[in-house]
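Counting begins at 1 with the first residue of the sequence. Because only heavy atoms are used, hydrogens play no part in the values below, and waters and symmetry mates are left out as well, while side chains stay in.
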Amino acid sequence: MTEDAKSLTEPPHSLGDPRELLDAYLDYYRAVVLRKLDGLSEHELRHSRLPSGWTPLELLGHLTWVERRWFQWGFAARPFPDPWGDRGPDGRWHVSEEDTLATLTARFEEACAHSRALVAGIPAERRSAVGGRFPAEADAPPLGWILFHVLQEYARHAGHLDVVRELADGRVGEAAATPPRRDGGPGPAGG
């Protein structure tokens, strides 16, 4: 787990610049996802508790590909041989049996670092390059739109992991390190 995930705190309320807020909240939710996975057993990581059937490891693999699809292939229009590499033959999220939380976390952190470096200092108004995910200029959204889109995807998936974590061991909240209440009720809410 990264140091960011260990010392998980929401971005300070003193931030007012929209781009700084986007970057800070995106990093916050990247860390939330890792924190929610930390401490889950191998069984909980590889098995689904939900009718849709996805597993926590598959979700982490999916978010790694989200980073690649939206920032490398999308914003930068870099060639990407298989931008949908998180999908198995049936179209569902997939990770191999050889993948572990450690290997998937390393790939995820590498993709996040690459995304950060790729967009550092670029104004939110700059449109995506054409030729990767976006074939024509009319299709190419500005960086600010991509950042918001990816942020909402992280927030949604962190919420999915909230449910999985509570079902697995009763832990609730963004950090998932909050133990359940002794009276059996839910722990402190995260919002």
Euclidean distance, Glu153 CD relative to Arg69 CZ, rounded to 0.5 Å: 7.5 Å
Which residue, Leu50, Leu45, Leu37, forms the side chain to side chain contact (heavy atoms under 4.5 Å, CB included) with Val164? Leu50
Salt-bridge test for Arg19 and Asp17: reply yes if a basic N is under 4.0 Å from a carboxylate O, no otherwise. no
Looking at every non-hydrogen atom in both residues, tell me the closest pair between Gly16 and Leu21 and how far apart they are. O-CD1, 4.1 Å
Can you find a heavy atom in the side chain of Asp23 that is under 4.5 Å from one in the side chain of Glu20? no
Check whether any side-chain heavy atom of Val33 lies under 4.5 Å from a side-chain heavy atom of Leu161, and answer yes or no. yes
Nearest 0.5 Å please: distance from the CZ atom of Arg171 over to the CG atom of Leu40. 10.0 Å
Working to the nearest 0.5 angstrom, can you tell me the gap between Asp139 CG and Arg127 CZ? 9.5 Å
Looking only at heavy atoms, what is the nearest atom pair of Arg92 and Ser52, with distance? NH1-O, 2.8 Å
Is it true that a side-chain atom of Asp27 and a backbone atom of Ala24 form a donor plus acceptor pair closer than 3.5 Å? no
hydrophobic_cluster_shared for Val130 and Phe75, side chain cutoff 4.5 Å: no
Salt-bridge test for Asp38 and Arg35: reply yes if a basic N is under 4.0 Å from a carboxylate O, no otherwise. no
Can you find a heavy atom in the side chain of Arg87 that is under 4.5 Å from one in the side chain of His62? yes
I'd like to check the side chain to side chain donor-acceptor pair (under 3.5 Å) partners of Glu110; sequence neighbours left out, ordered by chain and number. none
Report yes if some heavy atom in the side chain of Glu10 is under 4.5 Å from a heavy atom in the side chain of Tyr25; otherwise report no. yes
So do Glu166 and Asp162 actually touch side chain to side chain, heavy atoms under 4.5 Å? no
Is there a path of hydrophobic side-chain contacts, each under 4.5 Å between heavy atoms, that joins Val66 and Phe80? no
Any heavy-atom pair between the side chains of Leu143 and Pro123 that's under 4.5 Å? no
Under 4.5 Å between any side-chain heavy atoms of Leu63 and Arg30, yes or no? no
Could you go through the side-chain contact (heavy atoms from CB on, under 4.5 Å) check for Tyr28 and Leu26 one step at a time? CA-CA 5 Å; Tyr28 172 70; Leu26 190 50; over 6 Å; no
For the residue pair His160 and Trp54, categorise the inter-ring angle as parallel (less than 30°), tilted (30 to 60°) or perpendicular (more than 60°). tilted
Is Leu60 close to Val95 at the side-chain level, that is, under 4.5 Å between some pair of heavy atoms? no
Could you name each residue pair satisfying ring pair (Phe, Tyr, Trp, His ring centres under 6.0 Å) that touches residues 120-156, not counting sequence neighbours? Trp70-Trp145, Trp70-His149, Trp145-His149
Evaluation steps, side-chain contact (heavy atoms from CB on, under 4.5 Å), between Thr64 and Leu104: CA-CA 8 Å; Thr64 301; Leu104 289 168; 5.9 Å; no
So which heavy atom on Leu57 is nearest to which on Leu101, and how close? CD2-CA, 3.8 Å
Arg68 NZ/CZ over Trp65 ring centroid, <6.0 Å and within 45° of normal: yes
Find the distance between CD (Glu58) and CG (Asp99) and round it off to the nearest 0.5 Å. 10.5 Å
Are Phe108 and Trp73 connected in a single hydrophobic cluster, I mean Ile/Leu/Val/Met/Phe/Trp/Tyr linked by side-chain heavy atoms less than 4.5 Å apart? no
So which heavy atom on Asp86 is nearest to which on Gly61, and how close? CB-O, 4.2 Å
Under the 3.5 angstrom rule, does the side chain of Arg165 hit a backbone N or O of Lys36 as a donor-acceptor pair? yes
Closest approach of Pro142 and Ala124, non-hydrogen atoms and distance? CB-O, 3.5 Å
Here the pair of heavy atoms bringing Ala129 nearest to Ala77 is CB-CB, 3.6 Å
So, using salt bridge (charged side-chain N to carboxylate O under 4.0 Å, His left out) as the criterion, who are the partners of Glu44 when residues are at least two apart? Arg49
